[in-house]
Amino acid sequence: MRTKSSEKAANDDHNVRVAPEDVRESCPPLGLETLKITDFQLHASTAKRYGLGAHRGRLNIQAGINENDFHDGAWCAGRNDLYQWIEVDARRLTKFTGVITQGRNSLWLSDWVTSYKVMVSNDSHTWVTVKNGSGDMIFEGNSEKEIPVLNELPVPMVARYIRINPQSWFDNGSICMRMEILGCPLPDPNNYYHRRNEMTTTDDLDFKHHSYKEMRQLMKFVNEMCPNITRIYNIGKSHQGLKLYAVEISDHPGEHEVGEPEFHYIAGAHGNEVLGRELLLLLLQFLCQEYLARNVRIIRLVEETRIHILPSLNPDGYEKAYEGGSELGGWSLGRWTHVGIDINNNFPDLNSLLWEAEDRQNVPRKVPNHYIAIPEWFLSENATVAMETRAVIAWMEKIPFVLGGNLQGGELVVAYPYDLVRSPWKTQEHTPTPDDHVFRWLAYSYASTHRLMTDARRRVCHTEDFQKEEGTVNGASWHTVAGSLNDFSYLHTNCFELSIYVGCDKYPHESQLPEEWENNRESLIVFMEQVHRGIKGMVRDLHGKGIPNAIISVEGVDHDIRTANDGDYWRLLNPGDYVVTAKAEGFTVSTKNCAVGYDMGATRCDFTLSKTNMARIREIMEKFGKQPVSLPARRLKLRGRKRRQRG
């Protein structure tokens with residue numbers, strides 16, 4: 001991260017105004033990175049090819065894997081000379097205050113601009129160059145391709161258009177750049193285009209980026225505001241010793257209520273993907289306020305669900321990103337933990353254990369289709385496992401979560417498991433779980449209620465167009481990841497987990513938070529409500545006592561779940577008729593038909609299991625201090641005695 005600024009400057013007077021010094025302020029980005037600036041507002045002198053056109057000159061845009069003609073990683077001029085430029089049409093008078101530049105995102109090539117001029121105009125024909133004294137001002141550009149460099153204009157300039165004119169570039173490269181423009185749009189009540197695209201919110205929430213200390217203070221404020229439905233706790237610590245704080249929202253905080261499902265949201269596994277963190281802090285405030293305002297929908301949600309919100313899983317990474325700020329951290333500053341671990345792929349790979357057992361067709365089955373045990377090597381102290389990862393695993397093993405969403409950034413899509421491809425050596429392959437139809441519905445429930453995810457007219461964030469699946473994607477068909485939270489959660493616990501990518505910009509400017517909240521608010525609530533879809537119930541013995549760890553199987557779905565400590569269970573299912581079986585060690589098996597309707601609310605499906613004859617015999621014998629006789633072993637012993645007598 002570097003910041004460049006200059007001394008006094010002057011300008012030619014061609015109807016372009018210089019803003020007085022006393023009104024200088026810190027202006028937000030115009031929105032090249034967030035796509036607020038459309039492709040039609042970006043123009044360039046020339047382009048090397050379509051995939052390197054002006055529309056690709058956006059800060060932090062990522063190239064496709066093949067860096068092909070459609071999705072490359074920058075604007076690149078068709079020629080390397082001093083007559084090349086890229087410009088932005090703000091479509092209204094704007095007070096321009098700065099320019100941020102990057103080089104080309106590429107695995108193979110090194111292209112960036114090392115210096116440039118800045119010009120402004122009101123009509124795109126007559127241009128005024130920003131001056132430094134009597135001469136044109138030359139701004140220092142980049143020295144490598146990924147770290148953003150900010151140059152503030154010596155004096156804010158008021159105009160409609162702004163143009164960047166490269167003056168020098170990396171010796172062995174070409175004129176290529178990505179950029180963001182800082183500017184304050186001036187009030188214009190007659191501008192219909194601006195009014196139509198302006199997003200406002202009526203929610204009275206704290207729209208700002210919160211440091212770790214401020215996040216803790218906000219949680220405390222919400223807890224004091226709604227003490228009867230909130231509880232603050234931590235699930236562990238980060239490598240740097242920061243507590244991983246979570247907030248529980250429930251009408252009986254601090255306890256698992258029998259028959260009530262548990263839900264969680266997690267954000268910030270990648271510390272620089274900040275939008276998810278702020279959305280969850282906004283959600284905390286919103287749920288508290290609406291509960292106090294007697295919002296019937298929110299009251300029902302709080303009273304019928306135990307909600308856990310963990311806004312910052314990687315606080316060490318976030319602190320790094322926070323220091324860099326929303327525009328100058330690049331694509332990856334703060335992504336990893338303090339020791340360089342990517343939490344999102346740091347969970348044990350249970351997929352391979354399951355698939356290897358299925359391929360060997362072991363009978364009896366040595367690896368179950370659920371609750372697969374964590375390998376011993378992963379539990380050892382020497383394993384490369386983040387403290388944060390271990391904390392999440394312990395949290396998920398302790399609480400019987402039914403549904404969860406982990407909020408990420410840099411894209412607009414909901415990804416569902418599996419995240420790991422089954423075929424060796426492939427990097428992309430559709431790899432569904434046995435619950436694929438349920439996961440598709442869960443993903444669609446979020447995407448379809450988001451303001452932009454399923455909008456066929458919207459521009460893709462970087463390279464991928466997810467409209468063919470309406471804003472959703474199977475993780476493995478997008479890019480394969482071993483040891484993902486989603487796959488681990490599905491195979492080791494009862495919880496169905498999805499990754500929700502909430503915005504193209506990982507770390508949007510503070511001024512964008514109200515609009516991002518409006519984009520995601522309804523989706524965040526609707527997704528929580530899906531925890532009440534499917535069947536639920538109790539598995540009890542003849543005395544009415546709940547049976548823990550009983551297995552719930554659904555005919556035709558090769559994935560079981562288990563009851564919690566009190567014998568209660570929840571099984572997410574789409575509408576339909578199902579044959580459901582409950583079984584537990586020492587008990588007879590029970591099967592019944594359970595119908596799931598279209599109305600919200602899980603169907604009640606209880607089971608009562610009686611003990612097997614052998615279990616009852618064991619109880620009686622143990623009561624009198626004797627061991628039950630194993631009948632098969634007894635028969636073998638008698639046969640052996642008869643053979644010896646014959647001999």
Side-chain angles (χ1 to χ4, degrees), residues 1-2 60 62-63 65 73 102-103 105-107 143-148 209 211-212 215 234-245 266-277 310-350 352 374-375 377-396 406-411 415 419-420 427 462 475 478-489 497 499 501 505-507:
M1 176 184 66
R2 292 184 294 142
N60 286 323
Q62 302 295 293
I65 295 173
Q102 272 176 317
N105 175 249
S106 173
L107 291 173
S143 57
E144 57 88 76
K145 55 190 175 185
E146 289 298 337
I147 299 177
H209 287 299
S211 66
Y212 179 81
M215 177 188 76
N234 74 79
I235 69 166
K237 290 184 178 180
S238 71
H239 189 273
Q240 291 286 80
L242 299 177
K243 290 181 179 177
L244 308 178
Y245 284 112
I266 299 172
H270 296 144
N272 64 330
E273 293 172 8
V274 175
L275 178 56
R277 167 195 175 106
L310 178 64
S312 188
L313 179 55
N314 180 9
D316 296 349
Y318 174 77
E319 291 301 297
K320 285 183 188 175
Y322 186 74
E323 288 172 17
S326 63
E327 309 310 314
L328 299 176
W331 189 247
S332 59
L333 179 67
R335 175 185 175 91
W336 299 279
T337 66
H338 183 73
V339 292
I341 295 174
D342 186 337
I343 296 175
N344 200 45
N345 329 331
N346 193 220
F347 294 83
D349 171 16
L350 304 181
S352 298
I374 297 174
W377 67 264
F378 188 90
L379 301 172
S380 72
E381 292 183 8
N382 298 327
T384 307
V385 182
M387 292 177 64
E388 298 86 345
T389 306
R390 294 192 191 278
V392 170
I393 291 175
W395 185 49
M396 297 184 74
N406 56 88
L407 273 54
Q408 301 191 42
E411 264 298 352
D419 289 327
L420 180 65
T427 57
H462 300 281
W478 182 12
H479 53 252
T480 186
V481 173
S484 76
L485 172 58
N486 295 350
D487 289 3
F488 168 79
S489 179
E497 183 90 18
S499 293
Y501 292 79
D505 189 349
K506 291 181 176 182
Y507 195 158

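Index from 1, following the sequence. For clarity, every value in this text was computed on a predicted model and none was experimentally measured.
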Q: Taking all heavy atoms of Ile341 and all of Thr384, pick out the closest pair and write down the distance.
A: CD1-CG2, 4.0 Å

Q | Side-chain touch Asn272/Leu333, heavy atoms, less than 4.5 angstrom | A | no

(Q) According to side chain to side chain donor-acceptor pair (under 3.5 Å), does anything in residues 310-321 pair up with another residue at least two apart or in another chain? List the pairs. (A) Ser238-Asp316, Arg277-Ser312

Q. Residues in side-chain hydrogen bond (donor to acceptor under 3.5 Å, both in side chains) with Trp395, at least two apart?
A. Tyr233

Q: Check whether any side-chain N or O of Ser352 sits under 3.5 Å from a backbone N or O of Asp349 as a donor-acceptor pair, and report yes or no.
A: no

**Q.** side-chain contact (heavy atoms from CB on, under 4.5 Å) assessment of His209 paired with Val274
**A.** CA-CA 8 Å; His209 287 299; Val274 175; 3.6 Å; yes

**Q.** Interatomic spacing from NE2 in His462 to CD in Glu411 - rounded to 0.5 Å
**A.** 5.5 Å

Q.
I need the minimum non-hydrogen distance between Gly73 and Ala63, along with the two atoms involved.
A. N-CB, 3.6 Å

Q | Sequence-distant partners of Arg335, salt bridge (charged side-chain N to carboxylate O under 4.0 Å, His left out), two or more places apart | A | Glu273, Asp342

Q: Report the C-alpha separation of Leu350 and Asp487 in whole Å, then their side-chain angles, then the decisive distance to 0.1 Å, and conclude whether the side-chain contact (heavy atoms from CB on, under 4.5 Å) test is met.
A: CA-CA 8 Å; Leu350 304 181; Asp487 289 3; over 6 Å; no

Q.
Can you give me the closest heavy-atom contact between Ala391 and Gly236, atom names plus distance?
A. CB-CA, 4.3 Å

Q. Does a side-chain heavy-atom distance below 4.5 Å link Lys145 with Gln102?
A. no

Q. Any idea which heavy atoms bring Ile343 and Ala269 closest together, and the distance?
A. CD1-O, 3.8 Å

Q: Verify whether the ring centers belonging to Tyr507 and Trp331 lie closer than 6.0 Å.
A: no

(Q) Between Ile235 and Leu310, does the side-chain contact (heavy atoms from CB on, under 4.5 Å) criterion hold? Intermediate values first, please. (A) CA-CA 9 Å; Ile235 69 166; Leu310 178 64; 3.8 Å; yes

Q. Can you name the side-chain hydrogen bond (donor to acceptor under 3.5 Å, both in side chains) partners of Ser499, sequence neighbours left out?
A. Asn406, Gln408, Asn486

Q: Using a 4.5 Å cut-off on heavy atoms from C-beta on, say whether the side chain of Lys237 contacts that of Leu242.
A: no

Q: Using side chain to side chain contact (heavy atoms under 4.5 Å, CB included) as the criterion, list what pairs up with Ile374, not counting sequence neighbours.
A: Pro348, Phe378, Leu379, Ile393, Glu397, Phe488, His492

**Q.** Trace of the side-chain contact (heavy atoms from CB on, under 4.5 Å) decision for Asp505 with Leu275
**A.** CA-CA 8 Å; Asp505 189 349; Leu275 178 56; over 6 Å; no

(Q) Less than 4.5 Å apart, side chain to side chain, heavy atoms only: is that true for Pro315 and Leu244? (A) yes

Q. What are the two closest non-hydrogen atoms of Leu328 and Gly324, and how far apart are they?
A. CB-O, 3.5 Å

Q) Sequence neighbours excluded, which residues qualify as side-chain hydrogen bond (donor to acceptor under 3.5 Å, both in side chains) partners of Tyr212? A) none

(Q) Testing the basics here: between Arg390 and Ser380, what is the closest heavy-atom pair and its distance to 0.1 Å? (A) NH2-O, 3.0 Å

Q) Just wondering, do His479 and Thr427 contact through their side chains at under 4.5 Å, heavy atoms? A) no

Q) Quick one: are Glu327 and Pro148 in side-chain contact, heavy atoms under 4.5 Å? A) no

Q) Does the side chain of Asp419 come within less than 4.5 Å of Thr480's, by heavy atoms? A) no

(Q) For the backbone of Glu144 and the side chain of Glu146, can you confirm whether one donor and one acceptor N or O come within less than 3.5 Å of each other? (A) no

**Q.** Validation row: Glu388, Thr337 side chains within 4.5 angstrom (heavy atoms)
**A.** yes

